[in-house]
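Heads up: the structure comes next, in structure tokens.
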Protein chains: 2
Amino acid sequence: MPRPSLKDTRTDEILEAFMRCVARYGLDGSTLERISEEAGIGRPLLRHYLGNREQMVAQFIDYVTRKFDGMTTELFDALPETNRMDVLIGALFGREDYQPDNAAVFQAMVAASDRYPGIRASLLKFITGFEERVAGEIQRQKPQADAGSCAIAASGLTAIYFNTAAIMPLKPENHWQNRQRQAAQRLLENL
Amino acid sequence: MPRPSLKDTRTDEILEAFMRCVARYGLDGSTLERISEEAGIGRPLLRHYLGNREQMVAQFIDYVTRKFDGMTTELFDALPETNRMDVLIGALFGREDYQPDNAAVFQAMVAASDRYPGIRASLLKFITGFEERVAGEIQRQKPQADAGSCAIAASGLTAIYFNTAAIMPLKPENHWQNRQRQAAQRLLENL
DNA sequence: TGATTAATTTACAATATTGACAATAAACGA
DNA sequence: TCGTTTATTGTCAATATTGTAAATTAATCA
């Protein structure tokens, strides 16, 4: 009998707008006014759906954490049976569907990690989880390589990818991105 | 006859405090109140020495640019005659005198690069300049290697270093940092 | 149509931030 | 000591941001 609830939809829209603002202005630079404008709704609705700023930030951290995890699993689950490593490299260093927002959000959260408890553990878990997935793929491609070397290569490959994503807002030239990808591939050789 | 001017000293102190604030709160999150508190002076002094916020930000960008360039030349000029590459790796991935602020400032400026014209060119120039220095060191150590491979290795090594520095606020475990350094060293092998 | 529940808007108070200028204090030389 | 210049502080207005509650509108079903 009641009016249908838009809580889930609106909550997602607001948190997505929050992410875009954090990517541009940082966590403290993301005012409620900016977020509501970015989401295309009135500011009081932020409060209606997510509560005050403190509660919003808490849910934001949770949302981003889950989103990063989801994107990671989605990325690796989409790899084909064969040629997985090449597809992975292509996905990480391809310039097709790039969303520089995610890396910027990541960096903004790192910067705020000392003030908002919970961020640090979440991001560290995300990083190590990502590295472990990459290491698994490397080990799968090179079964004879020892696990330690695979872990090192995975760590380096992940670092190069993260750095590339973080610098994308500067719109670096293509040959710079190519060098990043080639450096990542070098780590996979001689295993 | 006049009272001696503290303009240079205070200007530096303020800009250094500005950097620490940007590292924590981002460019838009760095309020004049926070900066003045971090600098240990009254807020009106910010205006006295650096003008209004817009003028402060302009000088901040210039200051950071020059500082990054200065730190780069200082780093490479301090390398000894022999064993340069090992010393360089030690300086980049050592955990002695780490200042996570610089990397955080860098990331905050990347995030703000689309709103503040001039940031993009400055940071890109800094990155390529850093990579070229690293490439020069690699080439010096391995004279028989071709320049393209040196550039790729330098690009990867720089990326891993930048990423490591960016993540330092999360206080990652030592073995994670060790893997980063080992991955960087892998790029130098087989040239 | 009316009741009910949620969405949305309006409105106002409290606080934070910035801009701007006047007033005061301090250091230096004549 | 006096005059000059600068550092430092005090103060207020304008704007921005957030918190909060009430009022209004809209959708669904009986």
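In what follows, chains carry the letters A, B, and so on, assigned in the order in which the sequence lines appear, proteins first and then strands, with residues in each chain numbered from 1. Everything quoted here is computed from the prediction, not taken from an experiment.
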Discussion item. So, does Arg47(A) get its side chain near the phosphate of dT20(D), meaning an N or O under 4.0 Å from OP1 or OP2?
Written reply: yes
Practice prompt. Could you check which of dT17(C), dG19(C), dT28(D) has an atom nearest any side-chain atom of Pro4(A)?
Written response: dT28(D)
Item to complete: Let me know the distance between CZ of Arg53(A) and C1' of dA16(C), rounded to the nearest Å.
Response: 13 Å
Practice prompt. Ignoring the backbone of Asn52(B), work out which of dG19(D), dT8(C), dA20(C) is nearest its side chain.
Written response: dA20(C)
Worksheet item: For the pair made of CG in Leu46(B) and C1' in dT17(C), what is the distance, rounded to whole Å?
Response: 13 Å
Worksheet item: Which of the following nucleotides, dA11(C), dG10(D), dT8(D), is nearest to the side chain of Pro44(A)?
Response: dA11(C)
Fill in: Interatomic distance where CG belongs to Asp28(B) and P belongs to dT17(C) [whole Å]
13 Å
Worksheet item: Less than 6.0 Å separating the ring centroids of Phe76(A) and Phe130(A)?
Response: yes
Worksheet item: Could you walk me through whether Asp114(B) and Arg120(B) pass the salt bridge (Lys or Arg N to Asp or Glu O under 4.0 Å) check?
Response: CA-CA 8 Å; Asp114(B) 60 336; Arg120(B) 176 177 172 273; over 6 Å; no
Fill in: Whole angstrom value for the distance that separates C1' of dA27(C) from NZ of Lys7(B)
18 Å
Discussion item. Is it the case that the side chains of Asp69(B) and Thr72(B) hold a donor-acceptor pair, with the cut-off being a distance below 3.5 Å and no angle test?
Written reply: no
Practice prompt. Using whole Å, report how far CD of Glu37(A) lies from P of dA16(D).
Written response: 13 Å
Practice prompt. Look at the side chain of Arg43(B) against the base of dG10(D) and say whether a donor-acceptor pair falls under 3.5 Å; ignore hydrogens and angles.
Written response: no
Item to complete: Return no unless some side-chain N or O of Arg10(A) is found under 4.0 Å from OP1 or OP2 of dT8(C).
Response: yes
Worksheet item: Which of these nucleotides, dA7(D), dT8(C), dT18(D), is closest to any side-chain atom of Tyr49(B)?
Response: dA7(D)
Practice prompt. May I have the distance from Glu54(A) (atom CD) to dT15(C) (atom C1'), rounded to whole angstrom?
Written response: 16 Å
Worksheet item: Please give, in whole Å, the distance from dT11(D) P to His48(B) NE2?
Response: 19 Å
Item to complete: Could you tell me the separation between the CG atom of Leu32(A) and the P atom of dT20(D), rounded to a whole number of Å?
Response: 12 Å
Worksheet item: With a 4.0 Å cut-off on heavy atoms, is Leu45(A) in touch with a base, just the backbone sugar-phosphate, or nothing at all?
Response: base
Practice prompt. Tell me whether the centres of the aromatic rings in Phe106(B) and Phe162(B) are closer together than 6.0 Å.
Written response: yes
Worksheet, complete the sentence: Here the pair of heavy atoms bringing Gln180(B) nearest to Asn163(B) is NE2-OD1, 3.7 Å
